[in-house]
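Each ligand, and each atom within it, is numbered from 1 in the order the structure gives.
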Amino acid sequence: MIRVVTFDEFDPKMVKDLCKVLYTAFAVGSEHSGTLPPPAGFNEPYDAGKLLDAAPAVRAFQDDKILYLTTRKLASRKLFSGEAPTFGVARYNSQRALLSTSSVKNVNENVKVVARYALQELGHTFGVHHCLDPRCAMYPHWTPSFPLGEAAFCVFCRDQIDQKVRVAKS
Ligand SMILES: [Zn+2]
Ligand SMILES: [Zn+2]
C-alpha cells in the first residue's frame with residue numbers, strides 16, 4: 001500500500017487522481033491517508049532531508065510506502081556541476097518519500113507531472129536508482145525535459161519494482 005499524506009491543502013480530486021496513477025505504476029494499492037500539520041520549526045525553503053526525517057509518523061505496515069506531499073519550497077542541493085533544484089527526496093530501500101509541488105504550475109491540471117515526480121521518489125524507496133532512459137520516471141528529475149515525460153517506468157525499472165513488490169507480498 002502506498003499512503004499519500006498531505007501537509008497542506010490539496011484538491012481531493014487531484015490527490016485521488018494521483019493515487020490512481022500510483023496504483024497503475026506500482027501495481028499496489030494507493031490511498032490518501034490524511035492531511036497532517038508539517039513538523040514545526042522549519043522555514044521555507046525547507047531542507048528536504050530534515051523535513052523527511054521529521055515528518056509525523058502515520059499508521060502503516062512495514063511494507064507500506066508513505067509519500068508526504070507539500071506545496072512548500074525545498075532548498076536546492078549543491079552538486080559539483082552547480083545547484084540543482086530539489087523537488088523531492090527519498091532514501092533508498094526505505095519507507096518514506098517527500099515531494100514538493102512548488103515547481104509545478106497549476107497542480108490540479110498537471111497531475112501527470114506531479115505523478116512523474118512521485119514515481120521517481122517512490123521508485124527510490126523501492127531501491128531503484130536513476131535511469132538513462134529519458135522517457136522513464138527514474139530519469140534524473142532535475143533535467144529540463146523531465147516534467148514533459150509520462151508518469152511511467154521503463155521496462156527495466158518496472159521489473160526491479162515488480163520484484164520488490166513480489167518479495168513484500170510473499
Ligand atoms: Zn531521484
Ligand atoms: Zn528506467
| request: Evaluate salt bridge (charged side-chain N to carboxylate O under 4.0 Å, His left out) for Glu83 paired with Arg77, printing each intermediate quantity in order. | output: CA-CA 6 Å; Glu83 287 214 354; Arg77 290 170 311 141; over 6 Å; no
| Pro38 backbone acceptor or donor facing Arg72 side chain under 3.5 Å | no
| field | Minimum side-chain heavy-atom gap Thr71-Val107 below 4.5 Å | value | no
| Vertex the Zn ion (ligand 2), rays to SG in Cys136 and SG in Cys131 - rounded to 10° | 110°
| remark: Checking distances from the Zn ion (ligand 1), one finds that the N, O or S atom of His124 closest to it is NE2
| task | May I ask you to check whether over 12 heavy atoms, not counting those of Phe146, lie within 6.0 Å of atom CZ? | result | yes
| query | Going by heavy atoms in the side chains, are Glu121 and His141 under 4.5 Å from each other? | reply | yes
| request: Give the atom name of whichever N/O/S atom in His130 sits closest to the Zn ion (ligand 1). | output: NE2
| request: Please determine if the Zn ion (ligand 1) has an N/O/S atom from Met138 lying under 2.8 Å away. | output: no
| request: Examine all N, O or S atoms of His141, backbone included, and report whether one is under 2.8 Å from the Zn ion (ligand 1). | output: no
